[in-house]
Trainee: 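Dropping a structure here in structure tokens format, bear with me for questions.
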Amino acid sequence: MSIKFYNTLTRKKEDFKPIDEKEIKMYSCGPTVYYFAHIGNLRAYLFMDTLRRVLKYNGYKLKHVMNITDVGHLVSDADEGEDKMMKAAKRENKDPFEIAKFYMDAFLADIDKLNVDRPEIIARATEHINVMEEYVKKIIENGFTYQTEDTVYFDTSKLDKYGVLSNRNVEDQKAGARVEFDQNKKNISDFALWIKAPENHIMKWDSFFGKSYPGWHLECSAMGCKYLGDHFDIHTGGVDHIPIHHENEIAQSKGYSGKIPANFWMHVEFLQINGGKMSKSLNNLYTLKDLEDKGYEPLVYRMFNFTSNYRAQINFTFEAMDSAKIALNRLREGYLKHCEGNSDVSNDEITAYKQRFLDAINDDLNMPVAMSVVWDVIKNPNKSQKFKNLLLEFDEVLGLNLKNYKKEENVLPEDVLELVKARNEARINKNWTESDRIRDILIEMGYTVKDSKEGTIVQK
Ligand code: AMP
Ligand code: ZN
């Protein structure tokens with residue numbers, strides 16, 4: 001059975017063939033750990049997770065690296081450039097290493113809650129400074145750089161082509177062209193590989209360039225090469241990585257080994273909110289914790305993501321989350337019904353479902369179609385152990401943790417128990433006004449109240 005993935009490099013869907021049948025080697029650009037991940041970021045890791053699960057479902061073993069960007073451009077306010085780690089350090093009055101550790105742990109906790117299958121290797125940039133230094137030295141040796149007093153730049157005009165992913169041409173971007181840019185650079189697409197640290201720079205290391213630090217694109221090329229070699233199967237990231245970060249990674253790898261590092265480049269589209277961008281200023285930037293506080297368990301967000309293909313934008317609304325919540329509950333209930341069933345089902349029927357599911361996931365991770373197969377199994381009127389096992393098999397890809405799902409016991413919280421007790425007393429005293437008043441409060445709180453000869457049944 002062939003697997004087809006859309007490859008940004010060739011701009012078409014292609015048959016996926018691993019370089020080595022025994023093990024697929026893959027790299028994913030990980031988070032910059034200066035704040036809590038927002039749900040848009042988390043979509044990127046749910047895509048990465050589905051890709052992992054689909055490859056495993058097809059029987060492959062994986063060696064997968066994800067980086068953690070914990071070194072930023074830590075310059076003073078007077079200097080240029082984004083300074084995420086430094087801003088966070090100031091905001092929280094903490095050391096940037098402490099900030100990085102805290103938000104890395106928070107990120108890992110979030111992806112665990114989403115039941116993301118963690119990559120085999122999670123590599124922190126700050127633990128690979130020497131790897132990056134060796135990598136950059138070779139690029140210099142190979143003649144792809146030039147230096148100013150404080151920066152080693154990559155010279156993109158030395159490449160046969162810069163911009164292979166986004167199909168851009170370096171000739172269009174020469175110095176003096178339309179756009180203004182750093183006058184120290186020869187070409188507008190050139191970028192910093194290694195930078196001398198100003199006095200007030202916090203994260204810096206002794207290197208061939210004195211007290212200095214790496215440019216932020218370098219970590220992915222250097223760590224990818226260390227763990228996966230100079231040519232591997234798949235590289236993933238968000239669509240925002242296509243025009244700069246991944247072009248620069250490819251440039252660095254060509255400067256280092258002459259090769260484009262990965263055969264397949266896969267990119268996940270953005271999550272939008274109410275049809276627009278998420279941003280702090282619009283007050284519409286949510287974390288996983290925000291969703292939990294609003295009563296959505298993390299797996300509801302996972303379920304919501306299956307409503308769209310990873311290459312399409314997805315629009316986040318709370319109405320859509322409510323639908324995902326209902327759908328997840330129905331799916332679980334449907335699964336439990338099959339757990340209790342004993343109907344006889346033919347093996348042909350099971351094989352047909354399996355084939356449809358496999359066709360969908362192997363067609364560039366088409367999760368909406370895969371979910372339609374899952375629903376067909378759920379809704380099958382014959383309840384059967386075979387369907388239960390089939391759903392568990394599908395769940396290796398879905399990651400909805402069905403096997404651990406049990407019907408929640410109807411345990412009522414303390415305040416509800418108090419109200420039920422007060423209502424029972426009112427009923428004994430034939431105080432119907434009070435009893436009705438308490439019943440209305442319980443209904444308002446989301447409970448059903450049924451009085452019968454055996455007593456009162458209160459349920460969420
Ligand atoms: P960062 O931590 O900023 O490096 O981003 C981590 C990942 O989240 C990257 O792969 C980005 O491409 C991705 N990303 C950022 N914003 C969104 C969004 N709104 N939807 C989907 N992915 C996003
Ligand atoms: Zn990267």
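All figures in this text were calculated on a predicted structure; none of them were measured in a lab. Atoms within each ligand, like the ligands themselves, are counted from 1 in listed order.
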Trainee: Report, in ascending order of atom number, the atoms of ligand 1 lying under 4.0 Å from any heavy atom of Pro31.
Mentor: 2 (O)
Trainee: Is it the case that Tyr296 and Asp322 place a side-chain donor and acceptor less than 3.5 Å from each other?
Mentor: yes
Trainee: Between the main-chain N or O of Ile139 and the side-chain N or O of Asn142, is there a donor-acceptor pair closer than 3.5 Å?
Mentor: no
Trainee: Could you work out, for atom 15 (C) of ligand 1, the closest of Asn41, Thr32, Asp240, Ile39 by heavy-atom distance?
Mentor: Asn41
Trainee: I'd like to know if the side chain of Arg43 reaches the main chain of Glu269, judged simply by a donor and an acceptor atom lying under 3.5 Å from each other, with no hydrogens or angles considered.
Mentor: yes
Trainee: May I ask you to identify the nearest protein heavy atom to atom 7 (C) of ligand 1, giving residue, atom name and distance to one decimal place in Å?
Mentor: Tyr45 OH, 3.4 Å
Trainee: Checking side-chain polar atoms at under 3.5 Å, does Thr236 have a donor or acceptor matched by the opposite partner on His267?
Mentor: no
Trainee: Considering heavy atoms of the protein only, find what lies nearest to atom 23 (C) of ligand 1 and give residue, atom and distance to 0.1 Å.
Mentor: Gly40 O, 3.5 Å
Trainee: To check your reading of the model: name the closest protein heavy atom to atom 9 (C) of ligand 1, its residue, and the distance in Å.
Mentor: His241 CE1, 3.6 Å
Trainee: Where's the contact between Phe47 and ligand 1, heavy-atom distance under 4.0 Å: side chain, backbone, both or neither?
Mentor: neither
Trainee: Which of the numbered atoms in ligand 1 are under 4.0 angstrom from any heavy atom belonging to Glu269?
Mentor: 21 (C)
Trainee: Leu271 to ligand 1: N or O pair under 3.5 Å?
Mentor: yes
Trainee: Any N/O/S atom, backbone or side chain, of Cys29 lying under 2.8 Å from the Zn ion (ligand 2)?
Mentor: yes
Trainee: Counting each atom of ligand 1 from 1 as listed, which ones have a heavy atom of His38 under 4.0 Å away?
Mentor: 16 (N), 17 (C)
Trainee: Is the Zn ion (ligand 2) under 2.8 Å from any N, O or S atom of His241?
Mentor: no
Trainee: Treating Asn7 as the side-chain partner and Asn263 as the backbone partner, does any N or O pair qualify as donor plus acceptor under 3.5 Å?
Mentor: yes
Trainee: Any side-chain donor-acceptor pair under 3.5 Å between Tyr27 and Glu249?
Mentor: no
Trainee: If the cut-off is 2.8 Å, does any N/O/S atom of His245 fall short of it from the Zn ion (ligand 2)?
Mentor: yes
Trainee: Give a yes or no on whether the backbone of Ser189 and the side-chain of Asn187 come within a donor-acceptor separation of less than 3.5 Å.
Mentor: no
Trainee: Please determine, by modelled atom types, if His64 and Tyr227 share a side-chain donor-acceptor pair under 3.5 angstrom.
Mentor: no
